[in-house]
Protein chains: 2
Amino acid sequence: MLTFWLNLMVKEQNTDNTQERIRSAAKKIFMTRGLSGARMQDIADEAGINKALLHYYFKNKEMLFENIFLDAMQQFFPKIREIVGGEAPLFTKIENFCRQYIEMMMQNPYLPLFVVNEINNNPATFMNKFWDKEQSFLVLFVEQIEREYQAGIIKQVSPAQLFINMLSMCIFPFIAKPMWMTATGMDELQFRYFMEQRKAEVPKFIIESIKK
Amino acid sequence: MLTFWLNLMVKEQNTDNTQERIRSAAKKIFMTRGLSGARMQDIADEAGINKALLHYYFKNKEMLFENIFLDAMQQFFPKIREIVGGEAPLFTKIENFCRQYIEMMMQNPYLPLFVVNEINNNPATFMNKFWDKEQSFLVLFVEQIEREYQAGIIKQVSPAQLFINMLSMCIFPFIAKPMWMTATGMDELQFRYFMEQRKAEVPKFIIESIKK
DNA sequence: GTCTATAACTCGATAGAC
DNA sequence: GTCTATCGAGTTATAGAC
């Protein structure tokens, strides 16, 4: 009878623990291999449990995946909004965005390729949950550029082109990381240093190009 | 007896034909779904044949994939070398690269994500066939930048940073295409026009930033 | 070369004991 | 909650007829 209660205590304790171990394992496997490339067995192994227990916590593969993917989207998009949609002057926004976004990806190097890939496999379904067309911050960004042009701070530039230039230079190096490392012969440490430098180099490069 | 020879003629004719139909179908399926997402059945359907015949021409899935993937790499890398490794002055090279590379991807929109993905799944194996570290054109590019800096044409810039900036701005928009289209509300035609503009916008943006 | 039929296997999911 | 064992659908690959 005592054993029963002891077991219960220990096992209830493990609920959160195991669930988190699974999420962490799933994140790792899904991010590196994608939905179709990931195996439930691999996730179970990574979490140190078996497939049956995996299905106990997450009914099926789709549900586990959606759980992980929505988290990733949450990390990827609102951060853009938060920085670009704020109140600061344009040059400050550009500096903040590059520094913070590159920092975030240095801690999550697989995030961008993962997000981009799964959006590709499922164009509309997921995006709609994260992109509210009506009150998009892009409109505010466009207006700000127009204002700063009128004020003589920057040259005349296409806001969309400028915006995707900034995104490209921040995100692409992480997407092409293995390719880039092989091509240049960089090791992991050198790549980190290279990206660390980009936190300042990219905004400098952009501002140099658009300032009047 | 006559039938025999007639059959032989017709069927020999079909060899090349079918093989090409398969390669074309496989290219389409692999490029959009990746290695693990593609099904041999889908490829057979797309080619208008059955699975057995697919295996007659390509022993197994891996071999068919490798055939397609090496072709893709061939299109992706040597073109960079060809343009960046040439004799023209730096600004001309930048203009040529952006225009030609963007044009190539407009005709092959799935190419970059496909290449990047499968390199990710197989870091060294494939890359080594396409990247000869010793006589890399990157060395020549670095020297050219040094020369043009000494000549007072450009500011002092890190060649590696400049190079990946250029790659990023040309390639990333194709990688993020579905995301970008949803976020901006562009349709297929508007995206084409947007990329058409980038052929001139990107080099302008870069040169504006580095010219003295 | 091309097909139909099927073997062989992988993998997600469930049953049922503890 | 966790495990072992197993089912069944879906996929790659092969056998064998035409």
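Within a 6.0 Å sphere centred on NZ of B:Lys93, heavy atoms belonging to other residues, nucleotides or ligands number more than 12. Residue A:Tyr110 qualifies as open at atom OH: its count of foreign heavy atoms under 6.0 Å is 12 or below.
Not one side-chain nitrogen or oxygen of A:Arg39 sits closer than 4.0 Å to the OP1 or OP2 atom of C:dT10. Neither OP1 nor OP2 of D:dT2 sits under 4.0 Å from any side-chain N or O of A:Tyr56. Taking 4.0 angstrom as the limit, A:Thr18 places none of its side-chain polar atoms (N or O) nearer than this to OP1 or OP2 of D:dG1. OP1 or OP2 of D:dA13 lies within a sub-4.0 Å distance of a side-chain N or O belonging to B:His55.
Summarising the geometry, the separation between CG on A:Asn50 and P on C:dT14 is reported as 15 Å, rounded to the nearest angstrom. Separating the CG atom of B:Leu53 from the C1' atom of D:dT12 is a distance of 16 Å, rounded to the nearest angstrom. For the pair B:Gln41 CD and C:dA5 P, the interatomic distance rounds to 14 Å; values are reported in whole Å. Atom CD1 in B:Ile29 sits about 15 Å away from atom C1' in D:dT11, given to the nearest Å. The interatomic distance linking B:Leu54 (CG) with C:dT4 (P) rounds to 14 Å, in whole Å. Here D:dT2 presents its C1' atom at 12 Å from CZ of A:Arg21, a figure rounded to the nearest Å.
The stretch residues 59-73 of chain A comes close to DNA chain C through A:Asn60, A:Lys61, each having a heavy atom under 4.0 Å from the strand.
Side-chain contact between B:Thr32 and A:Asn121: absent, with no pair of heavy atoms (C-beta onward) separated by less than 4.5 Å. Residues A:Val84 and A:Phe163 meet the side-chain proximity criterion, which asks for heavy atoms closer than 4.5 Å.
No contact: B:Ala44 has no heavy atom under 4.0 Å from any strand.
Distance from the side chain of B:Lys51 is smallest for D:dA13 among the nucleotides D:dA13, C:dT2, D:dG1.
Relative ring orientation between A:Trp180 and A:Phe194 is described as parallel, the plane-to-plane angle staying below 30° on a 0-90° scale split at 30° and 60°.
Ionic pairing of B:Lys177 and B:Glu188 is present here: one or more N-O contacts between side-chain nitrogen and carboxylate oxygen are shorter than 4.0 angstrom.
With no hydrogens or angles considered, a side-chain donor-acceptor pair links B:Gln41 and B:Asp45 at under 3.5 Å.
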